[in-house]
> 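Quick one: the structure is below, questions incoming.
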Amino acid sequence: MTAQLHADRLAALDDEPLDWRFKGLPASWWGRTAAQVSSLRPAFFDDGPSGPVCVLRESALVHNLTTMSKWCADREVELAPHGKTHMAPQLLARQFRVGATAVTAATVSQVRVYRAFGVDRVLLANEVVDLAGLAWLAAEIDADPDFHVVCWVDSVAGVELMTTGLAGAQRQLDVCVEVGMPDGRTGCRTDAEVDDVARAAAASPRLRLVGVSGYEASAGQQVTPETVDGVRAYLRGLRATTGRLAGLFETDTVIVTAGGSTYPDAVADELAGDWPARMTVRTILRSGCYLTHDHGLYARTSPLPLRPALQVWAQVVSRPEPELALVTMGRRDVSFDAGLPLPLSLPGARVVELNDQHAYLQLAAADDAPVGSWLPFGISHPCTTFDKWPLIPVLDDENRVTALVRTFF
């Protein structure tokens, strides 16, 4: 099973002229296309960027792509990376080229973006309850027999609403019943609720029940023994639910899917392999943040040997006190929901506060941070850094531009 994007639509991104819309990039690039800039392989920081700027590191991207691809193959799990992390079709194309079989999305709007680039296999990891979104999905699956999308259901009311919203569709919409966890996010909380929802979905003329879904990190992303034990117990519950519902699935191959970027090893251990002979099961992991990793949350929690690929560079704009530097990077530029940015070239320094456009950098006595100097920062949680940058340069280890990546948030 393969997933793909339209090559001509990806190429059109490289042929788009650059201009003032893309913050941080050198004004000398305006009027050139992304392909023209990349072909010159300019030394990025010599070309005159206007900080702050977000960059991706090519060597780390390659390492993470190959590491995750091999890891999934070794454990016989499929990968449907979460596209909300980067919303970048060019990066998704790279994930597909090394074995990803679908993309995960969180909203119908995100599916629309990836469909615009020809993506034909999508996990929509939510119950769709807006009638306009359902109407669009119905039209899309009817128009393209090669388009396969799977949504979640976690309530009988949701099944009824989806059935109404899909009235008139020629093809059924595939769904997984979602199993939640106490104090977690969405998903049925009890076996009785799961069974009711599964029966309702199987009975719906507009839906086709194809599997079971879950999200094991919805109650937090700690890696203490107690937390990991709880995660594994939850995943064993997903397995038991799948076996219990075996007679209701309307397909020969059943989907079981879970997995963020903190517990992929637990997902593979508990959900891959050793299914009853009567069942053919696809175990699908939905990790998204593995591609860029980070210097914070996932550096602390990921079990895989990944490398941080995403950085934000900014300049020191003020030194009002001996041990304080103000840097031209703020909440409009970098994530802060899972930890503040980490200065990479000043081991004694730390960011203590962010304003909209400034970072407060507390310096150690030996730190050298003169006004005007460029400083690199690692981030914690890539999802909420990507959404701040419509165009991101990819740099090699000599800071030369190898590509420019568009995002669509």
Side-chain angles (χ1 to χ4, degrees), residues 3-65 81 83-98 100 103 109-110 112-119 288 291-292 308-315 328-329 332-334 374 376-377 379 382-409:
Q4 58 186 355
L5 293 89
H6 290 321
D8 57 339
R9 297 179 188 176
L10 289 174
L13 297 178
D14 282 335
D15 293 336
E16 182 179 5
L18 306 177
D19 57 27
W20 49 267
R21 290 173 297 163
F22 306 117
K23 69 177 184 178
L25 301 186
S28 60
W29 292 3
W30 293 1
R32 298 179 183 176
T33 67
Q36 288 170 336
V37 170
S38 299
S39 69
L40 296 173
R41 298 180 67 87
F44 180 62
F45 292 101
D46 292 343
D47 257 20
S50 179
V53 293
C54 181
V55 302
L56 286 162
R57 292 293 175 182
E58 174 66 19
S59 59
L61 289 176
V62 170
H63 171 83
N64 296 344
L65 284 164
K84 72 174 175 62
T85 297
H86 51 63
M87 291 305 297
Q90 292 152 302
L91 294 179
L92 181 62
R94 297 182 67 164
Q95 292 171 301
F96 282 168
R97 284 198 290 270
V98 294
V103 66
S109 292
Q110 291 173 5
R112 288 173 176 170
V113 169
Y114 287 116
R115 279 297 286 163
F117 288 86
V119 176
L291 179 61
T292 61
L310 194 62
Q311 299 175 348
V312 175
W313 287 66
Q315 287 181 286
T328 59
M329 169 193 71
R332 303 292 177 90
D333 312 302
V334 69
W374 282 93
F377 292 84
I379 58 95
C383 298
T384 47
T385 294
F386 268 110
D387 65 357
K388 297 166 173 54
W389 297 93
L391 188 64
I392 304 175
V394 182
L395 307 184
D396 65 15
D397 291 340
E398 296 178 346
N399 288 329
R400 293 191 173 276
V401 178
T402 63
L404 294 165
V405 170
R406 281 292 310 271
T407 68
F408 295 90
F409 285 93

> Closest heavy-atom contact between Cys383 and Lys84?
SG-NZ, 3.6 Å

> Using 0.5 Å steps for rounding, measure from the CZ atom of Arg97 to the CG atom of Leu65.
9.0 Å

> Do Leu291 and Thr85 have side chains that get closer than 4.5 Å, going by heavy atoms?
no

> Quick one: pull up CD in Gln311 and OG1 in Thr385 and give me the separation to the nearest 0.5 Å.
11.5 Å

> Would you give the length of the straight line joining atom CZ of Arg115 to atom NE2 of His6, rounded to the nearest 0.5 angstrom?
7.0 Å

> With distance as the sole test, does Tyr114 use its side chain to make a donor-acceptor pair with the main-chain N or O of Val103 at under 3.5 Å?
no

> With heavy-atom distances below 4.5 Å as the criterion, would you say the side chains of Leu56 and Leu310 are in contact?
yes

> Can you find a pair of side-chain heavy atoms, one from Leu40 and one from Trp29, that are under 4.5 Å apart?
no

> Taking all non-hydrogen atoms of both residues into account, name the closest pair between Leu5 and Ala93 and its distance.
CD1-CA, 3.7 Å

> Quick check: closest heavy atoms across Ser59 and Asp397, and the distance to 0.1 Å?
OG-OD1, 2.9 Å

> Do Asn399 and Arg57 have side-chain heavy atoms sitting under 4.5 Å apart?
yes

> Atom CG in Asp333, atom NZ in Lys23: separation rounded to 0.5 Å?
4.0 Å

> Does a side-chain heavy-atom distance below 4.5 Å link Val55 with Val394?
no

> Any side-chain heavy-atom pair from Lys388 and Phe409 closer than 4.5 angstrom?
no

> Please report the closest heavy-atom contact between Pro89 and Arg406, naming both atoms and the distance.
CD-O, 4.2 Å

> Donor-acceptor pair, distance only, cut-off 3.5 Å: does the side chain of Gln110 make one with the backbone of Met87?
no

> Classify the angle between the aromatic ring planes of Trp313 and Phe45 as parallel (below 30°), tilted (30 to 60°) or perpendicular (above 60°).
tilted

> Check Leu13, Leu61, Leu91 against Val405 for a side chain to side chain contact (heavy atoms under 4.5 Å, CB included) and give me the one that passes.
Leu91

> Using every non-hydrogen atom in the two residues, find where Met329 and Ala314 come nearest and quote the distance to one decimal.
CB-CB, 3.6 Å

> Under 3.5 Å, is there a donor-acceptor pair between the side chain of Arg400 and the main chain of Arg41?
yes

> When rounded to the nearest 0.5 angstrom, what distance separates CG in Leu404 from CD in Glu16?
11.0 Å

> Atom CZ of residue position Arg332 - does it have more than 12 heavy atoms of other residues, nucleotides or ligands inside 6.0 Å?
no

> What are the two closest heavy atoms between Pro17 and Phe22, and how far apart are they?
O-CE1, 4.4 Å

> How long is the span from the OG1 atom in Thr292 to the CZ atom in Phe386, to the nearest 0.5 Å?
4.5 Å

> Between the main-chain N or O of Ala43 and the side-chain N or O of Glu398, is there a donor-acceptor pair closer than 3.5 Å?
no

> Mind running side chain to side chain contact (heavy atoms under 4.5 Å, CB included) on Gln315 and Trp374 for me, showing each step along the way?
CA-CA 4 Å; Gln315 287 181 286; Trp374 282 93; 3.4 Å; yes

> Keeping the roles fixed (side chain from Thr407, backbone from His86), state whether a donor-acceptor pair exists under 3.5 Å.
no

> Can you list the residues that meet the salt bridge (Lys or Arg N to Asp or Glu O under 4.0 Å) rule with Asp387, with sequence neighbours excluded?
none

> Mind checking side chain to side chain contact (heavy atoms under 4.5 Å, CB included) for Ser28 and listing every partner two or more places apart, or none if nothing turns up?
Pro26, Asp47

> Verify, without hydrogens or angle tests, whether Ser39 (side chain) and Gln36 (backbone) share a donor-acceptor contact under 3.5 angstrom.
yes

> Report yes if the side chains of Trp389 and Val334 come closer than 4.5 Å at any heavy-atom pair, otherwise no.
no

